[in-house]
Amino acid sequence: MSQAEAIDTSAMKVSDEVAIQITGMNKWYGAFHVLKDINLTVNQGERIVVCGPSGSGKSTLIRCINALEEHQEGQIIVDGTELSSDLKNIDTIRSEVGMCFQHFNLFPHLSILENCTLAPIWVRKIPKKEAEETAMRYLEKVKIPEQADKYPGQLSGGQQQRVAIARSLCMEPRIMLFDEPTSALDPEMIKEVLDTMIDLAKEGMTMIVVTHEMGFARQVANRVIFMDAGQIVEQNEPEEFFNNPKSDRTKLFLSQILGH
Amino acid sequence: MRDLSYVRTEMLGEREPPMGTSGIVKWIRENLFSSIGSGILTVLAIYFIYQFLAGILPWIFQSSWTANSLGECRDAIKEAYGEDTEGACWSVIAERYNQLLFGFYPKELYWRPILAFILLGFAIAPVLFDKFPRKFLIFSAIFPFLGFWLVWGGSIWLPISVMLGFVVAYYATKLLPAIVGSLGSIIGAMVLPILWWLLLAGPVAGMLHNILPLGIESVTSDKLGGFTLSVLIGVVGVSLSLPIGILLALGRQSNLFVVKTICVGFIEFIRGVPLITLLFVASTLLNYFMPPGTSFDLVLRVMIMVTLFASAYMAEVVRGGLAAIPTGQYEAAAALGLDFWKSTRLIVMPQALKISIPNIVSNFIGLFKDTTLVSIIGLLDPIGLSTAIRANQEWNGIVWELYAFVALLFWIVCFSMSRYSMYLERKLKTSH
């Protein structure tokens, strides 16, 4: 994917409305300081790619945004709601923020359709029939409506990840988080998942993507963030970031992942 | 230079497998005579099976069904099959099967446990097989009270008033949250029905019975016995130990210190004590802890102890299942906005229980067989009755026939459970 094709970005508008505001956030795992003084503002409609070496805290950062990890210091405001230990707030935020995982985490005991309708039915209290129609619409969008009655174990990795995306979309979230969505996939399947994500970006979804797919970053992102040792080292527009990195750490990282 | 290039121009289609790789000949060759060693073992096994059957089948079938005592029976067999024959004396079963099945339950009331047993079938069918109409689950919910009333008899108002306790709990969860908040309503839903059962259920039932006496002849617990008793204790233990075990397992994983400590303490204490000790506690000590004047039925006490015992084991089995669920499942459920109870009920538990099916059913089978221990505290289950029958002058000296019959009864139930668990595993399999 090093040769990024130009895509139609006309619908990808970044609005002035703030979707996520992180100020002075710190997190420790026991005595280990994983995230150091993170400040980040994400506007509605932004597509942000977070990259960095492993262990740099990029996954932890996005997992803090929907409270899968607890932060100890600082403030995270998602869609106007502050993340605190109040369970009500956490549930509100989680139903507004969709998340896709590296290992898909589909529910193996439920069919594809049931995977997609579970949360709308039980969290949003949408009638079953309506939830199924919505689910089918999103399954069509990720191009696997014919698999609706199968179980996750019967699908390929790429298909499973697309189902996972559809499952998140069924909750009609305003923000989507992707935690290395293509890292566990065979090369042949990476493209189908990236294409789905590109479609999503074209529709104006706010996305934060942790990934090593630099082609995707060039094509879709409006901002690339480079993290190392728990800190944001550099952020810039993709063009500048890739062609003209400022920090030595970034240069080294880029030379390592783009060099082969 | 060797030419290494190769291009496939057309893809190959599928072909039928070669002859001799399927069918019965193949099966016999693969499974019985795959090598010289396995051939020898097959022949030896066939020889031993033949010897075993040649020994036991004549004993089973050259038997007497009509004699009135052991001596009479032996004479009848010798007369019919020759001097040297030793046959089974099934007469003892023919004469005493009523007792082995029902204990000392009044003969003219046998229809009540039988009816309860048949209704039990209807009550568990919708729980076991999802092809059954879901409406039958209402009957499953009512059955415990109906079954209790059929077996013990007495006023119909008592089971109804006990059932009202659950109605109290239901309305507590519905109405209280608006008044005392969600935590208060959970506590209320637990405390109110207990208060109802302890203080009001009895008097209310008595009052209703005075107004409208509806009831059937009551049968006291000391009349209960035989296989009916085993089934009663077994069914109560099986159906209550799973839900209690699930709650204990969840409690053990809880972040709440008090809940966790109570659950761990309970599980470790119960598991560290032999069942027989608990049964002795039930039969003798428990009355000391009760308020004076309350006489608590012995069978009921034993049921409680057996259930608690099985729950502690069940909790550990379920915990094993829970440990096998990847954290990703919890995270995915949380990321979709499911709260703890919803994600437990919809995502975690179905998978954990599915993994634990073989162990759960093993525990059920063990529990059902452990009910025979009640014979030690003097309850007349089939084992207790066998001892009593053997002490009888007419049947003194009989061993195999009685225990074979009891074993057969238990085997039928346990084997059914085992088959059901295999059916369930196949049905729930969602991957290849």
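In what follows, chains are A, B, ... by sequence order, proteins preceding strands, each numbered from 1.
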Flag if over 12 foreign heavy atoms under 6.0 Å of OH, B:Tyr423: yes
Positions in residues 328-349 of chain B that reach chain A, provided some heavy atom is under 4.5 Å away: B:Gly328, B:Gln329, B:Glu331, B:Ala332, B:Ala333, B:Ala334, B:Ala335, B:Leu336, B:Gly337, B:Leu338, B:Asp339, B:Lys342, B:Arg345, B:Leu346, B:Ile347
CZ/B:Arg271: more than 12 non-hydrogen atoms of other groups inside 6.0 Å: yes
Region of A:Leu106 in contact with chain B, defined by heavy-atom distances below 4.5 Å: backbone
Heavy atoms from other residues, nucleotides or ligands near NZ of B:Lys427 exceed 12 (cutoff 6.0 Å): yes
For B:Ala324, all residues meeting side-chain contact (heavy atoms from CB on, under 4.5 Å), sequence neighbours excluded: B:Ile355
More than 12 heavy atoms from other groups under 6.0 Å of CZ on B:Phe257: no
A:Gln72 CD: over 12 foreign heavy atoms closer than 6.0 Å: yes
Best-contacting candidate, A:His103, A:Arg167, A:Lys150, against chain B by heavy atom pairs under 4.5 angstrom: A:Arg167
Enclosure of B:Tyr171 OH (heavy-atom neighbours >12, cutoff 6.0 Å): no
A:Phe107, part contacting chain B, at a heavy-atom distance under 4.5 Å: both
